[in-house]
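Read the structure below first, then the notes.
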Amino acid sequence: VFSWTSIITAYTECGHAHDALTSYQCMLHDGFEPSPHTFLALFNACSRIPDLDQGRNLHAYACMKGSDSEVSVGNAIFRMYLECAAVVDAENFFASLPVRTLLSWNSMLSACVDQGQGKKALQWYTHMKSDGVEPSHYTFIILLKACGRLADLKQGGILHTDARKRGYASDGMVGSTLITMYGKSGAIVGAEDVFGELPHRDVVSWNAMLSAYVEQGFGEKALHLYRQMQEDGVELTQRTYVIVLRACANLGEKEEVRLLDGLAMKTVSYHIGQAIHADARKRDFLSGGFLHNTLVSMYGKCGAILEAEHLFKAIPHRDIVSWNAMLSAYTDHGDGKKALCLLIQMEKESMIPD
RNA sequence: AUCCGGCAUUGU
């Protein structure tokens, strides 16, 4: 049994979870009965695939053998349901668990948030506290993220106070989540306060602050922060550029058109955008593709249709976002004909408009 | 030791 379990674990870890389940069949065939350890490995395999049907069968079998009373196995079953996106099953199972560890609570909460069920996560949190389980900084990050998505400033503020009391508010990761939460809730001052009080800022906290400015339409402040990042010697990332280019696009939308070489352009934003584009190139952030879509959108919003077009054509793997960005560049520009042409081309390349 | 955690592009 021990060897079979090792084989199953090994297959799962190498990303061959299907083979893990096949080995289990072989193991049964040879007359071996699964131990709790085997179940652990099997549920991990089901999570990986993910295979809900097998997971359910195994769950039933584990119950029959009494293996499900083991805390670790219980957690594995629980995670299996979560990762197979069977939230209802997960919730039912979770409610029936005799021992709920902090880790299982965090898994539950995070799965709710990932699936857009932030409210549910907050409800479960009340339950968690009444169960006498104390939240960790993981818990706060998960819940604050939920508040950000819901733009629930009230709950977010309560959690912030609570996190502060427990000494979690100065944690860098909690801090970034707080900044994002305040940013998405429109409380830019709250975001700035958290950012200003962070003892150790890393790129992510800077990016979070930058993103908060952009989302709330403070393009100039964002550009200012971008400069400050460079002065402070922060190691910029590709994401930094995604965000700061969005700031340019934002400014471009607001700027009045002016004629440049006979073309209607948002000249100021356009030049800033170009400069940032050059920065990104210098830092070799243009490969990988994630900046392409943002650049197309930015140039489009600055009135630089030709550059947007040029970049669009150079994208190796155009996804739906690339097409949408190019389409809205044309329509913003009042070029309905080209937009329609693009739509036709889209269908030719068997892209389905959403 | 392992499993739960932060910032990301288009349109709506």
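So you know, we letter chains A, B, ... as the sequences are listed, proteins then strands, and number each from 1. Values below: all heavy atoms of this structure, side chains included; hydrogens, waters and symmetry mates excluded.
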A/Phe195 ring center near A/Trp206 ring center (under 6.0 Å):
yes

Could you tabulate the donor-acceptor pairs under 3.5 Å formed by side-chain atoms of residues 341-354 of chain A, not counting sequence neighbours?
residue, atom, partner, partner atom, Å
A/Gln345, NE2, A/Glu349, OE2, 3.4
A/Asp354, OD1, A/Asn324, ND2, 3.3

Protein heavy-atom contacts under 4.0 Å, written 5' to 3' over nucleotides 6-12 of chain B as B (base), S (sugar-phosphate only) or - (none), form the string BBBBBS-

Side-chain donor or acceptor of A/Gln155 paired with backbone N/O of A/Leu122 under 3.5 Å: no

### Task
Applying side-chain hydrogen bond (donor to acceptor under 3.5 Å, both in side chains), run through A/Ser6 and A/Ser3 and close with a yes or a no.
CA-CA 5 Å; A/Ser6 310; A/Ser3 328; over 6 Å; no

A/Trp105 atom CH2 is separated from B/rC4 atom C1', nearest whole Å, by 14 Å

Report which part of the nucleic acid A/His292 touches: base, sugar-phosphate, or nothing (heavy-atom distance under 4.0 Å, all strands). nothing

- Where does the angle between the aromatic ring planes of A/Phe285 and A/Tyr241 fall among parallel (under 30°), tilted (30 to 60°) and perpendicular (over 60°)? tilted

